Amino acid sequence: MGFRDYFTRNTRKGQRNEELPVDNSEFPTSSNPQGLCPRCNKQSSFDFIGELPATFSTVTRISDYVENNKDYFDKVSSLVCRNCDQPTIVIEERLIGDSKDPSEFKGGRITWNGLFWWPFLNIENSEEIPDQISSTLNESRITHAVKCYRSSAVMARRTLEAIAHDKGETKGTLANRLESLTKKGVLSPALSDWAKEVRLIGNSGAHFDPLEEVTQDDSNQIIVFIEELIKYLYIMPSELDKRRKKAT
């Protein structure tokens, strides 16, 4: 494969010796062709179709494996999901070791870091979730997917505000509204504690503080919590109601 030797296929096997996708909460790249598919929203492995340069460097490569010897440090890659058989396009930047700045290259393995994906994540929320809550949560997911973790945290906090509003708490600070929901029994103590974390991390995303940066793990964890909270408050009661109606 020459220039793309760093692209490796998945070697994780199932009971029938079939290839299984490696768990990856992020979208796939040519360096890591496993992860969440933006089209089918499933964990999958991906096949590499091809690539095109996005930004040329001033270096000329000498190689028998490529038609265009211009070196490039940004590229557009096309990967096909093995689950839905549809392509995903990703814009990637080249890293040599841990550096993307050519002036700082000190050697190391070449990898490609994803910057933007097309299409955006195809998110289907349950019809039981109010539209304002659903759309705000989707925005938090999308900004997380494109690595805008501060923005994702802010939208997760906004989702929490939308939930509080939907549950009748429309006045006061978010902290006071969450406290009121806890006193009413809408939020259990454990859910209340996690809701406070979402509020605090969302505040960190909205207000500049070099000592309180929002990390990828922060963003991912609060999205997972919001999803579980929505499941607890909206989806599970609806499913239980449907089950009881079916039984009568």
Side-chain angles (χ1 to χ4, degrees), residues 23-27 35-36 38 40-43 120-209 211-248:
D23 288 341
N24 176 21
S25 62
E26 303 300 316
F27 290 160
L36 188 65
C40 65
N41 200 18
K42 302 292 185 182
Q43 283 283 332
F120 287 124
L121 184 60
N122 179 25
I123 301 168
E124 294 183 2
N125 286 321
S126 169
E127 61 183 13
E128 309 301 334
I129 307 173
D131 289 342
Q132 288 186 329
I133 296 173
S134 179
S135 63
T136 310
L137 174 60
N138 283 353
E139 196 165 331
S140 180
R141 288 165 167 164
I142 290 170
T143 49
H144 174 84
V146 297
K147 302 184 178 182
C148 297
Y149 303 125
R150 290 188 295 268
S151 298
S152 179
V154 171
M155 296 312 296
R157 185 187 187 282
R158 184 182 175 91
T159 307
L160 197 58
E161 287 184 285
I163 292 172
H165 189 281
D166 182 68
K167 293 300 179 182
E169 295 298 326
T170 60
K171 297 180 180 180
T173 65
L174 179 57
N176 290 338
R177 282 182 274 173
L178 293 176
E179 183 178 354
S180 180
L181 289 176
T182 303
K183 290 180 179 178
K184 291 178 180 178
V186 176
L187 295 179
S188 68
L191 290 176
S192 178
D193 287 342
W194 256 109
K196 292 175 184 176
E197 287 297 309
V198 174
R199 179 179 63 82
L200 293 174
I201 295 172
N203 288 344
S204 297
H207 305 290
F208 176 73
D209 185 343
L211 299 180
E212 293 291 338
E213 192 58 83
V214 179
T215 68
Q216 176 181 340
D217 285 342
D218 290 334
S219 173
N220 184 65
Q221 286 178 1
I222 61 178
I223 288 175
V224 170
F225 165 72
I226 290 288
E227 290 173 339
E228 292 302 315
L229 178 62
I230 288 173
K231 185 184 298 183
Y232 175 79
L233 293 178
Y234 297 97
I235 298 176
M236 290 176 63
S238 175
E239 292 298 323
L240 180 59
D241 185 58
K242 291 177 182 177
R243 180 178 176 83
R244 286 174 174 171
K245 287 180 179 178
K246 189 180 294 185
T248 57

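Not measured: the values here are computed from a predicted model.
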Leu181 pairs by side-chain contact (heavy atoms from CB on, under 4.5 Å) with which of Asn176, Leu233, Leu191, Val186? Val186

Closest non-hydrogen atom pair between [X] and [Y], with its separation:
X      : Y      : answer
Ala162 : Ile133 : CB-CG1, 3.8 Å
Gly202 : Val154 : O-CG2, 3.8 Å
Arg150 : Glu213 : NH1-OE2, 3.2 Å
Glu227 : Leu137 : CG-CD2, 4.3 Å
Ser192 : Thr182 : OG-OG1, 2.9 Å
Lys231 : Pro237 : O-CD, 4.1 Å

Main-chain N/O of [Y] paired to [X] side chain as donor or acceptor, under 3.5 Å:
X      : Y      : result
Asp218 : Thr215 : yes
Ser204 : Leu200 : yes
Ser219 : Gln216 : no

Does Lys184 come within less than 4.0 Å of Glu169, counting only side-chain N to carboxylate O? yes

With a 6.0 Å cut-off (strictly less than), is the heavy-atom count around [atom1] of [X], excluding the residue itself, greater than 12?
X      : atom1 : answer
Lys42  : NZ    : no
Arg158 : CZ    : no
Lys147 : NZ    : yes

When rounded to the nearest 0.5 angstrom, what distance separates [atom1] in [X] from [atom2] in [Y]?
X      : Y      : atom1 : atom2 : answer
Asp241 : Met236 : CG    : CE    : 13.5 Å
Ile230 : Ile163 : CD1   : CD1   : 4.5 Å
Arg243 : Leu240 : CZ    : CG    : 8.5 Å
Gln221 : Trp194 : CD    : CH2   : 4.5 Å
Thr159 : Ile223 : OG1   : CD1   : 8.5 Å
Ile235 : Glu127 : CD1   : CD    : 10.5 Å

Are [X] and [Y] close enough that a side-chain donor and a side-chain acceptor fall under 3.5 Å?
X      : Y      : answer
Ser134 : Asp131 : no
His165 : Thr170 : no
Ser140 : Ser152 : yes
Asn220 : Tyr149 : no

Test side chain to side chain contact (heavy atoms under 4.5 Å, CB included) applied to Arg244 and Glu239, step by step: CA-CA 9 Å; Arg244 286 174 174 171; Glu239 292 298 323; over 6 Å; no

Please walk me through it: do Leu160 and Leu229 pass side chain to side chain contact (heavy atoms under 4.5 Å, CB included)? CA-CA 9 Å; Leu160 197 58; Leu229 178 62; 3.7 Å; yes

Residues Met155, His144; criterion side chain to side chain contact (heavy atoms under 4.5 Å, CB included); working and verdict: CA-CA 10 Å; Met155 296 312 296; His144 174 84; over 6 Å; no

When you measure from the centre of the six-membered ring of Tyr234, is the NZ or CZ of Lys167 closer than 6.0 Å and no more than 45° off the axis? yes

Using the rule given for side chain to side chain contact (heavy atoms under 4.5 Å, CB included), can you reason through Arg157 versus Leu174, listing the C-alpha separation, both sets of side-chain angles and the distance that settles it, and then say yes or no? CA-CA 9 Å; Arg157 185 187 187 282; Leu174 179 57; 3.8 Å; yes

Between Lys196 and Glu179, is the salt bridge (Lys or Arg N to Asp or Glu O under 4.0 Å) condition met? List the steps. CA-CA 9 Å; Lys196 292 175 184 176; Glu179 183 178 354; over 6 Å; no

